[in-house]
Amino acid sequence: MTSSAGASPPIRVFHAPGYFADIGEHVMPMRKFALVRDAIERSGLPARIEAPEPVGDEDLLRVHAPGYVQAIATGEPRALAESQKLPWSPALAAAVRLTNGGCVAAAFAALEDGIAGNLASGFHHAHEDHGEGFCTFNGLVVALERARAEGRIRRGLVVDLDLHYGNGTASLLASRPWAFGLSIYGSWYKDNRAHRDVEGERAPDTANGWSVPVPNGSGGAAYLEILARHLGPAIDRAAPDLILYQAGADPYREDPYSPLDLSHDDLRARDEVVFRAALERRIPIAWVLAGGYTPDVSKVVEVHLGTFLEAVRAREAQARRG
């Protein structure tokens with residue numbers, strides 16, 4: 001736990017050692033969750049690290065098919081249990097319930113405090129009946145459904161600024177007219193086969209979901225202009241009681257999958273725009289980590305630490321406004 005003197009209280013951030021499951025050498029660095037926690041603790045800025053409770057079957061079954069939930073619990077059939085392209089193990093089955101619990105806990109903390117975070121992904125490629133792209137259960141939709149079931153929200157919005165289009169979230173929100181999604185992306189993961197550039201290929205809008213591709217080679221100014229042009233209208237149209245923000249690290253210019261030219265400063269400016277847009281409207285916001293495959297994992301951690309730093313700045317600015 002870290003703390004510092006100041007006008008604003010510490011931001012609740014959720015993490016537990018059980019977020020990690022040993023999946024061997026893999027492009028998805030699961031150890032980064034703990035590395036981000038360590039970086040936040042070293043920062044000396046006001047954070048309260050809390051361990052969440054894992055989600056149960058009731059939470060998962062609001063969103064995911066029973067056969068899929070069972071496959072993840074047991075590892076069989078193995079093809080379904082590994083449809084997200086991670087090696088199944090009992091530790092992985094436990095970890096994904098705990099990280100989804102972190103999404104729920106961060107959402108509830110944001111509703112109470114205005115802003116909170118979960119040091120794991122929102123898992124935006126996970127569909128109702130299978131996983132994709134290293135995403136097992138869709139914690140974003142699981143959290144929204146739990147909040148709605150308990151009467152804490154009537155409407156929700158997912159702001160997805162991962163490098164890749166949030167196809168799983170879009171598919172799940174399509175049958176939930178009370179929830180909305182904005183995905184601003186520079187590439188997309190299609191049919192769990194390959195990363196593809198968006199030029200000449202764009203995911204369609206839905207009645208409650210907006211797809212915004214960013215042209216290849218875009219730098220910070222172009223990216224931020226696109227974000228500013230679409231974020232406010234999406235929030236105003238959705239009129240949410242809660243925003244869940246997927247703060248991807250993979251738009252970073254050194255990420256092996258990124259066709260964009262975004263620096264660490266550009267990504268912090270992105271985070272500032274999102275937090276400011278939510279808090280100025282008095283809409284609670286919870287952020288989650290996402291993506292980030294740069295071989296030097298310290299650069300991925302720097303992106304995620306930047307998101308936390310912008311959350312602190314946004315909270316302090318809100319406190320000054322009163």
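One-based numbering along the sequence shown.
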Considering non-hydrogen atoms only, spot the tightest contact between G166 and D160 and give its length. CA-OD2, 3.5 Å
Judged by atom type as modelled, is there a donor-acceptor pair below 3.5 Å linking the side chain of R154 to the main-chain atoms of D241? no
Taking it one step at a time, do L244 and V288 satisfy side-chain contact (heavy atoms from CB on, under 4.5 Å)? CA-CA 8 Å; L244 299 183; V288 299; over 6 Å; no
Rounded to the nearest 0.5 angstrom, the CZ-CD distance for F137 and E128 is 12.5 Å
With heavy-atom distances below 4.5 Å as the criterion, would you say the side chains of S258 and D250 are in contact? no
Donor-acceptor pair, side chain of S171 and main chain of H127, under 3.5 angstrom: no
Does F308 reach the side chain of V36, with side-chain heavy atoms less than 4.5 Å apart? no
Taking side chain as C-beta onward, heavy atoms only, is W210 less than 4.5 Å from H230? no
Compare all side-chain heavy atoms of F123 with those of Q84 and state whether any distance is below 4.5 angstrom. no
Within the side chain of R315, is there an N or O that forms a donor-acceptor pair under 3.5 Å with the backbone of A311? no
When you compare the side chain of P213 with that of Y165, does any pair of heavy atoms fall below 4.5 Å? no
I need the single residue from R152, R62, R176 that forms a salt bridge (charged side-chain N to carboxylate O under 4.0 Å, His left out) with E145. Which is it? R176
side-chain hydrogen bond (donor to acceptor under 3.5 Å, both in side chains), that's the test. Do E254 and T294 meet it? Break it down for me. CA-CA 6 Å; E254 294 184 28; T294 305; 5.9 Å; no
Side-chain donor/acceptor of H264 to backbone N/O of K299, under 3.5 Å: yes
Should the pair R270-E272 be classified as a salt bridge under the 4.0 Å nitrogen-to-oxygen rule? no
Apply the test salt bridge (Lys or Arg N to Asp or Glu O under 4.0 Å) to residues E76 and R78: give CA-CA distance (whole Å), side-chain angles for both, the deciding distance (0.1 Å), then the verdict. CA-CA 4 Å; E76 297 297 336; R78 188 56 57 97; 3.6 Å; yes
Please check this pair: side chain of E82 against backbone of W88, looking for a donor-acceptor N/O pair closer than 3.5 Å. yes
Does the pair E310 and R313 meet the rule for a salt bridge (Lys or Arg N to Asp or Glu O under 4.0 Å), with working shown? CA-CA 5 Å; E310 292 304 324; R313 289 183 62 194; 3.3 Å; yes
Side-chain heavy-atom pair L144, V158 within 4.5 angstrom cut-off: yes
Find out whether I283 and P240 are in side-chain contact, i.e. whether some heavy atom of one side chain is under 4.5 Å from a heavy atom of the other. yes
Donor-acceptor list for residues 13-20 side chains, cut-off 3.5 Å, not counting sequence neighbours:
unit_1: H15; atom_1: ND1; unit_2: R37; atom_2: NH1; d: 3.4
unit_1: Y19; atom_1: OH; unit_2: N118; atom_2: OD1; d: 2.6

Spatial distance of atom OG (S218) from atom CG (L224) [nearest 0.5 Å]: 10.5 Å
Is L60 close to Y68 at the side-chain level, that is, under 4.5 Å between some pair of heavy atoms? no
Verify, without hydrogens or angle tests, whether D261 (side chain) and R253 (backbone) share a donor-acceptor contact under 3.5 angstrom. no
NZ of K32 to CG of L289: how many Å apart, nearest 0.5 Å? 5.5 Å
Got a donor-acceptor contact below 3.5 angstrom from the D266 side chain to the G219 backbone? no
Let me see the working for L45 and I40 under side-chain contact (heavy atoms from CB on, under 4.5 Å), right down to the final yes or no. CA-CA 7 Å; L45 292 170; I40 289 173; over 6 Å; no
CD (E225) with more than 12 external heavy atoms under 6.0 Å: yes
Check whether S211 reaches the backbone of D205 with its side chain - one donor and one acceptor, N or O, closer than 3.5 Å. no
Can you give the donor-acceptor pairs under 3.5 Å from side chains of residues 91-116 to other protein atoms, not counting sequence neighbours?
unit_1: R97; atom_1: NH1; unit_2: V55; atom_2: O; d: 3.4
unit_1: R97; atom_1: NH1; unit_2: D57; atom_2: OD1; d: 3.1
unit_1: R97; atom_1: NH2; unit_2: D57; atom_2: OD1; d: 2.6
unit_1: T99; atom_1: OG1; unit_2: A95; atom_2: O; d: 3.1
unit_1: T99; atom_1: OG1; unit_2: V96; atom_2: O; d: 3.2
unit_1: N100; atom_1: OD1; unit_2: G139; atom_2: N; d: 3.3
unit_1: N100; atom_1: ND2; unit_2: V96; atom_2: O; d: 3.0
unit_1: E112; atom_1: OE1; unit_2: R12; atom_2: NH2; d: 2.6
unit_1: D113; atom_1: OD1; unit_2: R12; atom_2: NH2; d: 3.3
unit_1: D113; atom_1: OD2; unit_2: R12; atom_2: NE; d: 2.8
unit_1: D113; atom_1: OD2; unit_2: R12; atom_2: NH2; d: 3.0

Relative to the ring of Y293, is the ring of H164 parallel (under 30°), tilted (30 to 60°) or perpendicular (over 60°)? tilted
For a side-chain contact (heavy atoms from CB on, under 4.5 Å) with W287, tell me which candidate from D271, V274, I11, I243 qualifies. I11
